[in-house]
Number of protein chains: 2
Amino acid sequence: MSFLFDHMREVRFQLRQVLECEDLFASGVYADYSPETMDAFLETARAIAEDHYLPHYQDGDRQEPTFDGEKVSLLPEVETAWRAFADAGFLSAHHDPDHGGMNMPQVLSNACMSFFYGANLAFAAYSLLTIGAANLIRSFGSADQISRFLPPMTDGRFAGTMALTEPGQGSALSDIRTTAELQADGSYRLKGQKMFISGGDQSFTENIVHMVLARIKGAPDGVKGISLFLCPKVRVQEDGSPGARNDVKLAGLLHKMGYRHTTSTVLNFGEEGDCEAFLVGEPNRGLFYMFQMMNEARIGVGLGAAMLGVAGYHYSLNYARERQQGRLPSCKDPLSPQVALVEHADVRRLLLAQKAYSEGSLALCFYASQLVDRLEMAQNAEEKKSLLGLLDLLTPIVKSYPSDYGLEANKMAIQILGGAGYTREHPVEQYYRDNRLNPIHEGAEAIHGLDILGRKIVLDRGAALKTLLEHIARDISLAGDAGVETDICDPVMESLGLVEQVSRTLTGKMGEDIDLALANATLYLDFMGRVVIAWMWIRQARAAQEALSQASDGPESDYYKGKLQAARYFMGRELPRIELQAKTLMGFEASAFEMQDSWF
Amino acid sequence: MSFLFDHMREVRFQLRQVLECEDLFASGVYADYSPETMDAFLETARAIAEDHYLPHYQDGDRQEPTFDGEKVSLLPEVETAWRAFADAGFLSAHHDPDHGGMNMPQVLSNACMSFFYGANLAFAAYSLLTIGAANLIRSFGSADQISRFLPPMTDGRFAGTMALTEPGQGSALSDIRTTAELQADGSYRLKGQKMFISGGDQSFTENIVHMVLARIKGAPDGVKGISLFLCPKVRVQEDGSPGARNDVKLAGLLHKMGYRHTTSTVLNFGEEGDCEAFLVGEPNRGLFYMFQMMNEARIGVGLGAAMLGVAGYHYSLNYARERQQGRLPSCKDPLSPQVALVEHADVRRLLLAQKAYSEGSLALCFYASQLVDRLEMAQNAEEKKSLLGLLDLLTPIVKSYPSDYGLEANKMAIQILGGAGYTREHPVEQYYRDNRLNPIHEGAEAIHGLDILGRKIVLDRGAALKTLLEHIARDISLAGDAGVETDICDPVMESLGLVEQVSRTLTGKMGEDIDLALANATLYLDFMGRVVIAWMWIRQARAAQEALSQASDGPESDYYKGKLQAARYFMGRELPRIELQAKTLMGFEASAFEMQDSWF
């Protein structure tokens, strides 16, 4: 049995006991979702992930996609995997029935996705991108675009991508140079090159729909002149049948350190001047629209990173339990039997840290997913605004914390296996390589630091931050009521004042010297991430403490005791780091800011 | 020009201005080494590294060594590289003239090695192992062993390995099971399997001399029954000519995440009962002897890790200077030109941290190397004892800090390059993969934590720690005299009291509960490492401040300003982390210690 069985236990805990999804969904738009239907979907996801995703995770790394000048070839197994995923309805389930869906709550969709990410993130990314691209078309496309492109993207005949980055621009979206020229028939012709486009070519779907950011000729400069285009690899005729090959050419595959079975491509649009594309929504609103896909993808990246952390945690835990090595410091008898690695205090630290990082990250990704559902269920504009502010504030953390600390967790998994973990015979080194992409794509760490500090906590006079702190305070209070001990609760309560103080100091500086005020934004992101994950451990501790009083001895109560101990670890070892961070931030520590290029 | 030219500037600063080697060597055993001879050796090393090591660094990763059942093949270029290295005398230079050497000081040898490590660590490891194995034979071998094996190991015809680890034992050397049986002719026959033996097979040398730990039949249990054997791949006849193939068989190559051109092997000794080996020194003293090689290798590993950090730093610095991307937060004009990456505060942080980690690590490795020379020069037993205690205390840090933070530096180099850094078209991802081995081999982090806390600071009633603190205090005082500012000096001075307090508290616990006392040993190692690197920055700041007053404006003074700013960064951002670490250590934070296996 793979670790996905253990993960099922974890998912149920998160969805039922921490998020209390069943109560939340008892009425309203998601009332169809009973515990039984939720379990059935999760089990379907687990089984497909186990049967069709997990088996070729390592092979997909060893046999990278190839391009012979005409066709990009992946492992043959991916076709079956993709088909099984699509046939089970996972590409469409979250849509409403009018669009062929089952109105599945986002939290359940992402809980299902977690199995695929854990089993084979390097292939599962195609689904994330296809779902996100289809959602963009559903949200902002015309009736014709929806009817022509949504069905094949939700049944798996077409895949999707997001084509933002260009060679000359990197993270700076305002400098996009790809152009779009209006044609007599209302379509556009694109011209430009995009780079690092994940899933930009492959041959397991009939077609690929690129969602491309480009400038209509004559558009305003900067981000206000960017429009969104739908650009298929193969043209689609009005009746939906395939037309001619569009003028989108694969210039080449990029060869990555990991995450290898997701192609990373350089795409040339309009090399021959005939790249047909369709404007989605209004002109010059492209970046605004694309943020929907980026925000979904950010939760997806966070969840994928968390799942690599989870996978490494379970693998190294099993190894530490089986592998006998060495003795405790108190044992001086060389003839005594060796003990299991898990008996060594430092190995337990490496395991507990992995658990704290990965399951804390998982809780956050699911929490954010449920916020999407609560937005759908919101009764009034005020509630909606509050939830949206919270989701927007959390998004940079959802993307970044799991990416940074999922990677750190994978580093620890290798360390537990030692020399064995450094070989390619065990999957932990691949987890680590695959996870290294996550702090880079979908906005590098620094971008999210600037986003949270420079925008998210400032907007609407800091309303979202206030909401966040209220939510955390309420959950601490609930945890205390449930009997969670003060060594877990108190440090988080104390952190809230610090968050307020630091945030006020930093925003106060912005009018005076914006460059200095934002100089340590990446540190602020990490600081906030640590507090938010502490909150996630408060929520898990509350659920665990409540369950513990009714749990039978043995595996059930052990599971809850583990949750409480991980919370204790987090409050004892991880959260206290915010004190120095706060001091650094409020002191505007400027050694890097003041460093001169010529001094390097 | 490669970064090795920049590194030459750095090496000269470290050797001349920080370590003041020329003054030190002005008299006594190393009096032959003038500034000119030192420069000549360094330049020879740089040129060979540049011409013969650097060009195939990436190829060596892409084309891993292969084994066809008979022969292990590496890239053909390595033969020329090995020959150039040996012909220049780098395998033998540190030996005294009686052994064909030039009595080269260790600090100069390692300064030369740093070019090879930086250019191609994945190949340079063969030299490290060969030199270490030859040193063992020279130190502890019989006259016959020395005359038969030392010449071909110092002229490059033979290579060497250290064969310690076994499949069933990993880090726990006391559980070694390989046996040795005495023969009528005084030789032994080995039987057992060794694993993760670096350089355990290859075909660019005529022969490979394995230094093997094994138990003579009937020897005491545990570490007191381990002996050291010299076991050649090809037998060597009394006149030095090659004899028959010995019964050492390559069971297979291990396939690693990185560090690929150094073969990692599983070796079977005595599968056919005829593995000839020779006892080195006295029976049952093997582990004691092997510590010489391990300690040398530990400095080598630290230096290699530091050099990967240096390489990544220079690569990402060049990239950050050339690549134009985005604008500063204060710039709102989308038509203004993009700025170079290095203009962004967070990129400068990533560069300055890399500089602080890598050059701080380099300074430590050179300092430790110079301690070896000072040991040679010691005038009396007391001085020798004091220096030896200091070297022994520092060794776990020399091995671990560069490994941990060189890896961290390489992670940052990737981050600066973003998506490009994640592709295999740039070397930074390979630096990161190669460096991931360093916190594992030559004693995993946790082993060194137990070594420093459980042994090194306890021995001789803490004499070595006292010596260390005195040395640091003296250097802070010298830095102050030189005009280094208090924001650099004071934090280090304050840290000394904390080191004393933490160390006293932890050692005080050992009699009471040794398992708890050592539970956070890895954290103690990191805590001590941070203080020691702060010291290294004090020493560099002193040298830079002194030079700055006489330096001309431009590149020369910029270099020293960079040194001072890196010191400022380290004191502002890195060193302060010890406060929380001290609290955690002195509070015997026990969340991991108390965690139960069944709760995971």
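Worth saying up front: this structure is predicted, and the values here are computed from it rather than measured. Here is the naming used below: chain letters follow the sequence lines, and residue numbers restart at 1 for every chain.
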Segment of A:A420 engaging chain B (4.5 angstrom heavy-atom cut-off): both
How long is the span from the CG atom in B:D346 to the CG atom in A:L450, to the nearest 0.5 Å? 7.5 Å
May I ask you to name which of B:A320, B:A566, B:S557, B:P439 has the most heavy-atom pairs under 4.5 Å with chain A? B:P439
Go through the steps for A:E589 and B:R568 under the test salt bridge (charged side-chain N to carboxylate O under 4.0 Å, His left out), then give the verdict. CA-CA 10 Å; A:E589 200 284 324; B:R568 197 162 278 124; over 6 Å; no
Nearest 0.5 angstrom please: B:L351 CG to B:Y569 OH, how far? 11.0 Å
Is it the side chain or the backbone of A:I414 that comes within 4.5 Å of chain B heavy atoms, both, or neither? both
From A:E445 CD over to B:L350 CG, what is the distance, rounded to the nearest 0.5 angstrom? 7.5 Å
The interface call for A:D6 against chain B, heavy-atom contacts under 4.5 Å, is neither
Which one of B:M571, B:Q415, B:H441 has the most heavy-atom pairs closer than 4.5 Å to chain A? B:Q415
Which region of A:R321, side chain (C-beta onward) or backbone (N, CA, C, O), has a non-hydrogen atom less than 4.5 Å from a non-hydrogen atom of chain B, or is it both or neither? side chain
Chain B contact via A:S598 - which portion, at a heavy-atom distance below 4.5 Å: both
Could you tell me which portion of A:L580 (side chain, backbone, both or neither) has an atom closer than 4.5 angstrom to a non-hydrogen atom of chain B? side chain
Ranked by heavy-atom pairs below 4.5 Å to chain A, first place among B:A592, B:P555, B:A517, B:P334 goes to B:A592
Which bit of A:D175 comes within less than 4.5 Å of chain B, counting heavy atoms only: side chain, backbone, both or neither? side chain
Most chain A-contacting option - heavy-atom pairs closer than 4.5 Å, from B:R323, B:M195, B:K563, B:Q430: B:R323
Tell me, for A:Q338 versus chain B, whether the close heavy atoms (under 4.5 Å) come from the side chain, the backbone, both or neither. side chain
Euclidean distance, B:M257 CE relative to B:N435 CG, rounded to 0.5 Å: 10.5 Å
Part of A:L328 within contact of chain B (heavy atom distance under 4.5 Å): both
Toward chain B, the part of A:E408 with a non-hydrogen atom under 4.5 Å: side chain
Interatomic distance, CD1@B:I447 vs CD@B:E442, rounded to 0.5 Å, equals 11.5 Å
Which bit of A:E594 is near chain B, if near means a heavy-atom gap under 4.5 Å: side chain, backbone, both or neither? both
At a 4.5 Å cut-off on heavy atoms, which part of A:T584 comes close to chain B: side chain, backbone, both, or neither? side chain
Determine the option with the most heavy-atom pairs under 4.5 angstrom with chain A, choosing from B:K411, B:R349, B:E579. B:K411
Just how far is it from atom CZ of A:F600 to atom NE2 of B:H314, taken to the nearest 0.5 Å? 11.5 Å
Does any backbone or side-chain atom of A:L564 lie under 4.5 Å from a heavy atom of chain B? Answer side chain, backbone, both or neither. neither
What do you reckon, are the aromatic ring centroids of A:Y432 and A:Y422 less than 6.0 Å apart? no
Of the backbone (N, CA, C, O) and the side chain (C-beta and beyond), which part of A:L317 lies under 4.5 Å from a heavy atom of chain B, both, or neither? side chain
Lys/Arg N to Asp/Glu carboxylate O, A:D61 vs A:R433, below 4.0 Å: yes
Carboxylate-amine/guanidinium contact A:E556 A:K561, below 4.0 Å: no
